[in-house]
Amino acid sequence: MTGMDFPENEKRSLNFIESIIEEDLRNNKNESRVHTRFPPEPNGYLHIGHAKSICLNFGLADSYNGLCNLRFDDTNPEKEDVEYVDSIMEDIKWLGFEWNDTPYYASDYFDQLYEWSVQLIKEGKAYVDDQPQELISRQRGVPTRPGEESPYRNRRIEENLDLFERMKNGEFPNGARVLRAKVDMASPNMHMRDPVMYRILHQEHHRTGNKWCIYPMYDWAHGQSDYLEGITHSICTLEFEIHRPLYDWFLNQLVDEGAYRPRQIEFARLNLSYTVMSKRKLLELVQDKHVKGWNDPRMPTISGYRRRGYTPESIRNFADRIGVAKRDNVIDVGLLEFSVREHLNQIAPRVFAVLDPVKVVITNYPEGKVEHMVLENNPEDTEGGSREVPFSREVYIERDDFMEDPPKKFFRMGPGREVRLKGAYIVKCEDYIKDEDGNITEIHCTYDPESKSGGSGASRKVKGTLHWVSTTHAIDAEIRLYDRLFMDEDPAGHKEKDFKEFLNPDSLKVLRHGKLEPSLKTAKPGDKFQFQRLGYFCVDLDSADKNLVFNRTVPLRDSWTKMNK
RNA sequence: UGUCCGAUGGUGUAAUGGUAGCACUUGUGAUUUUGGUUCAUACAGUCAAGGUUCGAAUCCUUGUCGGACAACCA
């Protein structure tokens, strides 16, 4: 793996999974191998929650010189699709990870799983149940009381064998029969009450086509897949904790005591404030066209963040910061944004862009004169170089940067005040013009020729510094200021409500006439910039008219707005 | 009145019987050609009650609170 930005010398303490692994290593368990896996179901795009799991699984394999498989958990053809398979592989690569060997698929094990099922039937540990779903569910009962055994539970082995084969051969319709493991109907753990191993599903599979019409359930497929791949540490989220006894039960039926076997370890999934991360809900947003696709920049998907301008490094650093534990958590989305700013601050060139322009005329600056001001691209990057920005008699500044009657703590332009136009001159506001509605249409300034940046008189200090764009040289661009899409502060708390009530109506604002400095003319899709005082922006490309379009990745940290609250 | 899991500053996460540390947030200050960045500094924590121990966030007991589990989803 490449590009992890952790200082080598920094001593990192172990999280609880690392502690478990190190103990296994000390005990020489499984020949001291470390082999993890990332097992998404290809039924949606990866989101920021998956990023945590990816960083964990691939990161662990990396730090213990082990391997990490990518395995598609494709046991339910009703929801799955190759589009998702492809996007998942793309997103993992983009995050900077490489999976062991080739991608693996649970569907590659359908034959082996079938064979093992036959073996369990022969051993009297599995049976075919003819009852309808509702009845089976009712017999399972409630967690506080023992369940009731199915009348088919003690069916003859030969009959089970025959029925199971006929299930496989397609002799029965969907839902007619299931194969169940004979575990314990009285177990306080509902998952142990004779769980379903196979259901009948006459449904084409995106990889096995029409070969199968019975498909294994998660519990019957997952641990066995881990075993077949030589996984040592099967790391999953907390909701599978209660499945672990069943995970172990199945393995115990197939594997001798003391032999190699995988071990399931659970951690708390990521919850992000203001962010909905349920695949079901995200799918609904896509299908109902609230967003333009899974990679809409407002989506908390990996591909959405990528398009919005997040970097893989920042997401990996975020994953490292939030840590791993078993306690339920809600991480402030501000921490993700901090991680993004932190990285973008190092790599993104500063440029001038004016989103809400008002014209400034420098009355004592010669008409027609143009000076090319030299500006540092990035003060955080000594090798970032510099560029020339044309300056002339008329420039745009941000409407917010002028106040007719400014309060004391406002450092920017106001009548009679002096400010510096960054990289150029100190100007003084002499006058301004308003239209009949009271809107300011033009500001008149004079400039101090001695104050040119880099010149002998440049040391004079003024309170404020403004960004600007020469009116005759400015280029236009569409600039999208994305806001948080979801208002859902506690995703877990509102699960019964329609989450769409929490959609933020301001989540997409388009400013069609941003004025940009001319160097941006050559910007390419994916290029990232800091628009001074406005935030970090990433070039999207509007496929329709090839106009320059910028997505705001994240606003700057803004203490000015805080001061005014 | 089931089983399993969890509980450390506002939010997260370390300390594995021996100094409760780190990050984000927040406050203050310094630097600054953007009020950003950077740096310094401050505030703030072991759910409760017992027990074991020279010593407990850590081990034990009880309680409280929170989460997960009753799909032919994963």
Side-chain angles (χ1 to χ4, degrees), chain A residues 12-16 19 23 39-41 43 73-76 78-80 129 132-133 136-138 140-147 174-180 187-193 195-201 214-215 217-219 221-222 236-245 266 268 273 279-280 320-332 334-335 337-339 341-342 345-346 350 375-376 378-380 401 409-412 419-424 426 453-454 458-459 461-467 492 530 532-535 556-563:
Chain A
R12 278 205 324 132
S13 48
L14 301 183
N15 64 46
F16 82 101
S19 302
E23 196 190 333
E41 184 188 13
N43 67 345
D73 226 338
D74 54 353
T75 56
N76 183 4
E78 289 189 316
K79 298 192 203 163
E80 297 159 6
D129 196 330
Q133 188 173 166
I136 290 176
S137 169
R138 204 175 320 139
R140 248 198 290 258
V142 292
T144 51
R145 315 187 77 83
N174 287 359
R177 283 175 230 267
V178 291
L179 183 71
R180 292 227 258 169
S187 171
N189 181 342
M190 298 297 287
H191 294 276
M192 300 297 270
R193 320 249 264 222
V196 171
M197 295 168 69
Y198 274 98
R199 76 284 212 181
I200 299 171
L201 227 48
I214 57 171
Y215 290 95
M217 301 292 292
Y218 167 85
D219 287 302
H222 202 94
C236 61
T237 47
L238 239 31
E239 66 264 33
F240 293 103
E241 201 162 31
I242 200 153
H243 294 240
R244 180 155 27 101
E266 311 85 11
S273 61
K279 266 196 212 171
R280 202 207 86 225
D320 182 59
R321 279 196 171 94
I322 60 179
V324 183
K326 295 190 74 166
R327 163 180 25 169
D328 292 325
N329 61 81
V330 181
I331 309 283
D332 193 320
L335 187 60
E337 293 176 346
F338 166 82
S339 302
R341 284 192 200 99
E342 179 186 52
N345 179 52
Q346 295 166 32
R350 316 289 115 130
L375 277 127
E376 220 179 347
N378 188 349
E380 310 301 321
D401 285 346
K409 300 196 78 171
F410 184 83
F411 299 158
R412 291 169 263 168
V419 294
R420 175 173 289 281
L421 296 178
K422 187 176 172 71
I426 292 172
S453 284
S459 57
K461 301 281 185 226
V462 286
K463 272 266 172 115
T465 304
L466 306 185
H467 55 278
Q530 185 193 103
Q532 301 235 209
R533 194 178 262 133
L534 301 172
L556 250 32
R557 197 164 162 272
D558 187 0
S559 55
W560 163 246
T561 53
K562 260 176 226 150
M563 278 164 60

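Because the structure is a prediction, the values reported are computed rather than measured. Proteins come first, then strands; the chains are lettered A, B, ... in the order of their sequence lines, and each starts at number 1. In what follows, every heavy atom counts, from backbone to side chain, and hydrogens, waters and symmetry copies are set aside.
Contacts of A:Lys463 classified as salt bridge (charged side-chain N to carboxylate O under 4.0 Å, His left out), with partners at least two apart in sequence or in another chain: none. The side chain to side chain donor-acceptor pair (under 3.5 Å) test applied to A:Asp558 returns A:Thr561, not counting sequence neighbours. Take A:Arg280 and apply the salt bridge (charged side-chain N to carboxylate O under 4.0 Å, His left out) test, not counting sequence neighbours, and it matches A:Glu284. With sequence neighbours left out, A:Asp401 forms a salt bridge (charged side-chain N to carboxylate O under 4.0 Å, His left out) with A:Arg412, A:Arg533. Not a single side chain to side chain donor-acceptor pair (under 3.5 Å) links A:Thr75 to another residue, sequence neighbours left out. Checked against salt bridge (charged side-chain N to carboxylate O under 4.0 Å, His left out), A:Arg244 has the following partners two or more places apart in sequence or in another chain: A:Glu266. With sequence neighbours excluded, the residues forming a side chain to side chain donor-acceptor pair (under 3.5 Å) with A:Glu342 are A:Arg321, listed by chain and number.
Nucleic acid contact for A:Ser137: sugar-phosphate only, since backbone atoms but no base atoms lie under 4.0 Å from a heavy atom of the residue. Counting non-hydrogen atoms under 4.0 angstrom, A:Glu41 reaches the backbone sugars and phosphates but no base. Using a 4.0 Å heavy-atom distance criterion, A:Lys279 is classed as making no nucleic acid contact. Residue contacts shown for A:Ser453 include a base, since a base heavy atom lies under 4.0 Å away.
Separating the C1' atom of B:G50 from that of B:A15 is a span of 25 Å, rounded to the nearest Å.
Proximity of A:Arg199 to the phosphate of B:C73: a side-chain N or O atom is located under 4.0 Å from OP1 or OP2. For A:Arg145 and B:U1, the shortest distance from a side-chain N or O to OP1 or OP2 is not below 4.0 Å. Contact annotation: A:Lys409 side-chain N/O to B:G35 OP1/OP2 distance is not under 4.0 Å.
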Pairing string of RNA chain B (Watson-Crick or G-U wobble, both atom distances under 3.5 Å; | = paired to other strand) is .((((((..((((....[..)))).(((((.......)))))....(((((..]....))))))))))).....

Show me the protein contacts with nucleotides 20-25 of chain B, counting only N or O atoms at under 3.5 Å.
none

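Comparing atom distances between the A:Ile322 side chain and each of B:G2, B:G12, B:A74 picks out B:G12 as nearest. For A:Lys422, the side-chain atoms get nearest to B:U33 when compared with the rest of B:C72, B:U33, B:G2.
The base of B:A74 lies close enough to the side chain of A:His243 for a donor and an acceptor atom to sit less than 3.5 Å apart.
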